[in-house]
S.K.: 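Starting off with a structure, shown below.
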Amino acid sequence: MLSIKKDMKIYYALGTFLILTLIVFIFTMAFMGTTINASPKELPVAIVIQDEGTTIPGKGEINLSKQIKKDLLKTEIAPLKWHVVNTKEKAIERMNNKKFYAALILPKDFTNNIVSMQNLKASDKAKAEIIINQGMNYSASTLAANAIDKILIKINSQMEEAVYQNLSKSNQSLTALQIKNLRNPIYVQKQIINKVSSNSANGNSPVLFTQTVWFTSFVASMLLFLMLRREFEKVYSFKRIFVQITAGCVSCLIIATTILVIGKYVLDINFPSTNETFLFLIFATLVFFLLQNAILNWFGLVGAPILLLLFFFSVPVLSIAPEFLSSNVHTLLYSWTPFRFAMEGFNNTFFYHSYSIKTYESTLAYVGIVSLIFILIRPTISLLLPNSKKLNQESDAIISSQ
């Protein structure tokens, strides 16, 4: 008898260590496994050639911008992937639709100003413009802009050497001031669009809001689920569903209001439009609530760890640009997680003034509608199959036995 008890204690201890190892493995994979090998690759950037070129006597027409474009497109320059766009306006429009992290604009007088550097006037310097789409992702857009800047530094050096060679061939004597003006013949101008505002955690405020909305709605869902489970004795009825949805709507309104008030008046977060932010907060909270309750209604308390695992695995990838993720993580997690669509919706609200926010609203709306359908058909299943409540009783028993 003592031997059996001793063996049981050993098995219990081994089981405890096994469970602990499993928990550590899950959390390690959740927090680090999805992002540990993240590296930038093929960041989409635009190049716009407006350069009209110029004519050199004895040499014909020349267009330096087209040569630059040709060199950039045929050479793989990590971590950029170049896309040719016809106009600056079109490039900005596509940047507002989150297609490019940055854009390089070469204006119509680019070649003419390079060729006419013999005039030695600063105003004649060629201008190149870098447009930075900061709101798309602060880190990725900065990385893309810096990579373009390094390319222009190299081109600047090449152009400077070419100007000096042309001047030496013409045997022109240069003063110290003229030599100084000839340095860096390309003037680089930078413009930031969809700017990340102050007090936004370097552009991570959409991620933080998404996390807060999910976790607070999860707490509300669990409290409501446990209360209704006790009140209705684990029986699913339309009355229970009505109470669940009604109480959920009230909870979502309270959560959204509290988050907005704390964010605006305590944390001093800058909201371009308080009304739009509040409406999207309510919408995202309601969608999360419906999704969570659909899972809890069908799986019982087993649904709680499912929701927590979804949270822990999804959160680390939200603040990282999708081009940084491995193809497996992008396909198996980032492409479908509801956190992504909520985060992008908050991102548009904060930095894009709700530009094209309907794309993310529609996806979240589908998630909410499907979740609501599953919530509503749960009592129907209970009516058609009186013994179906065992589905939850068995899952609850699994949780209670732990």
Side-chain angles (χ1 to χ4, degrees), residues 30-31 34-35 38 98 135-140 194 196-197 199-222 248 251-264 266-267 269-274 276-295 306-322 324-325 329-330 333-368 371:
F31 287 111
T34 54
T35 59
K98 299 184 178 181
M136 186 172 175
N137 184 281
Y138 185 86
S139 299
N194 305 312
V196 170
S197 58
N199 294 341
S200 63
N202 286 334
N204 280 323
S205 54
V207 178
L208 300 178
F209 269 71
T210 302
Q211 295 177 23
T212 305
V213 167
W214 174 270
F215 208 77
T216 51
S217 61
F218 172 74
V219 172
S221 296
M222 286 301 302
S251 300
C252 291
L253 182 61
I254 294 173
I255 290 171
T257 303
T258 305
I259 293 175
L260 183 72
V261 170
I262 293 175
K264 185 175 181 65
V266 178
L267 302 178
I269 297 175
N270 179 32
F271 299 121
S273 174
T274 303
E276 290 179 359
T277 302
F278 182 57
L279 290 175
F280 191 79
L281 266 170
I282 296 175
F283 175 68
T285 308
L286 181 60
V287 170
F288 282 167
F289 175 84
L290 292 174
L291 174 61
Q292 293 162 356
N293 280 268
I295 292 176
I306 294 175
L307 294 170
L308 288 175
L309 287 176
L310 177 62
F311 175 80
F312 288 126
F313 274 91
S314 298
V315 164
V317 305
L318 295 181
S319 60
I320 301 177
F324 282 63
L325 301 172
V329 172
H330 190 281
L333 181 61
Y334 182 84
S335 62
W336 62 267
T337 178
F339 292 89
R340 168 202 168 191
F341 301 103
M343 184 271 292
E344 292 288 3
F346 281 119
N347 180 277
N348 279 17
T349 303
F350 293 161
F351 308 133
Y352 287 81
H353 305 287
S354 298
Y355 193 96
S356 70
I357 194 174
K358 293 181 180 179
T359 303
Y360 308 103
E361 282 183 341
S362 60
T363 304
L364 285 175
Y366 291 139
V367 173
S371 300

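Heads up: numbering here begins at 1 and tracks the sequence.
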S.K.: So how far is it from T337 OG1 to L318 CG, rounded to the nearest 0.5 Å?
M.R.: 6.5 Å
S.K.: Ignoring hydrogens and angles, state whether a donor on the side chain of K98 or N194 is under 3.5 Å from an acceptor on the partner side chain.
M.R.: no
S.K.: What is the distance from atom CD of E276 to atom CG of L281, rounded to the nearest 0.5 Å?
M.R.: 12.0 Å
S.K.: With heavy-atom distances below 4.5 Å as the criterion, would you say the side chains of V287 and P338 are in contact?
M.R.: no
S.K.: May I have the step-by-step check of side-chain contact (heavy atoms from CB on, under 4.5 Å) for I262 and L267, ending in yes or no?
M.R.: CA-CA 6 Å; I262 293 175; L267 302 178; 4.3 Å; yes
S.K.: To the nearest 0.5 Å, tell me how far F351 CZ sits from F346 CZ.
M.R.: 12.0 Å
S.K.: How close do A321 and A140 get, heavy atom to heavy atom, and via which atoms?
M.R.: CB-CB, 3.7 Å
S.K.: Is any side-chain heavy atom of V213 less than 4.5 Å from a side-chain heavy atom of F280?
M.R.: no
S.K.: Would you call W214 and L307 a side-chain contact if the rule is heavy atoms closer than 4.5 Å?
M.R.: yes
S.K.: Looking at every heavy atom in both S314 and L333, which two are closest together, and how far apart are they?
M.R.: OG-CD1, 3.9 Å
S.K.: In the structure I gave you, are the side-chain heavy atoms of Y352 and M136 within less than 4.5 Å of one another anywhere?
M.R.: yes
S.K.: Kindly determine whether F289 and I255 satisfy side-chain contact (heavy atoms from CB on, under 4.5 Å), including the steps that lead there.
M.R.: CA-CA 11 Å; F289 175 84; I255 290 171; over 6 Å; no
S.K.: Are F288 and T210 side-chain neighbours, meaning at least one heavy-atom pair lies under 4.5 Å?
M.R.: yes
S.K.: Tell me if a side-chain donor or acceptor on T216 pairs with a main-chain N or O of T212 at a distance below 3.5 Å.
M.R.: yes
S.K.: Compare every heavy atom of P316 with every heavy atom of S319, then report the nearest pair and how far apart it is.
M.R.: OG-O, 3.9 Å
S.K.: Evaluate whether atom OH of Y138 has more than 12 neighbouring non-hydrogen atoms of other residues, nucleotides or ligands under 6.0 angstrom away.
M.R.: no
S.K.: Suppose the criterion is side chain to side chain donor-acceptor pair (under 3.5 Å): which pairs have a residue in residues 283-292, not counting sequence neighbours?
M.R.: S217-Q292, S221-Q292
S.K.: Between F350 and F271, how do the two ring planes meet: parallel, tilted or perpendicular, split at 30° and 60°?
M.R.: tilted
S.K.: CZ of F283 to CG of L279: how many Å apart, nearest 0.5 Å?
M.R.: 11.0 Å
S.K.: What distance separates L290 CG from C252 SG, expressed to the nearest 0.5 Å?
M.R.: 7.0 Å
S.K.: Under the side chain to side chain contact (heavy atoms under 4.5 Å, CB included) rule, collect the residues that match up with P322, sequence neighbours excluded.
M.R.: Y101, H330, Y334
S.K.: Which residues pass the side chain to side chain contact (heavy atoms under 4.5 Å, CB included) test with I282, not counting sequence neighbours?
M.R.: L253, A256, F278
S.K.: Please report the interatomic distance CD(E361) to CG(L364), rounded to the nearest 0.5 Å.
M.R.: 8.0 Å
S.K.: Identify the heavy atoms of T277 and L260 that sit nearest to each other, and give their distance.
M.R.: CG2-CD1, 4.0 Å
S.K.: Quick one, L308 and F218 - any side-chain contact, counting heavy atoms below 4.5 Å?
M.R.: yes
S.K.: Nearest heavy-atom pair of V196 and G203: which atoms, and what distance?
M.R.: CG1-N, 3.4 Å
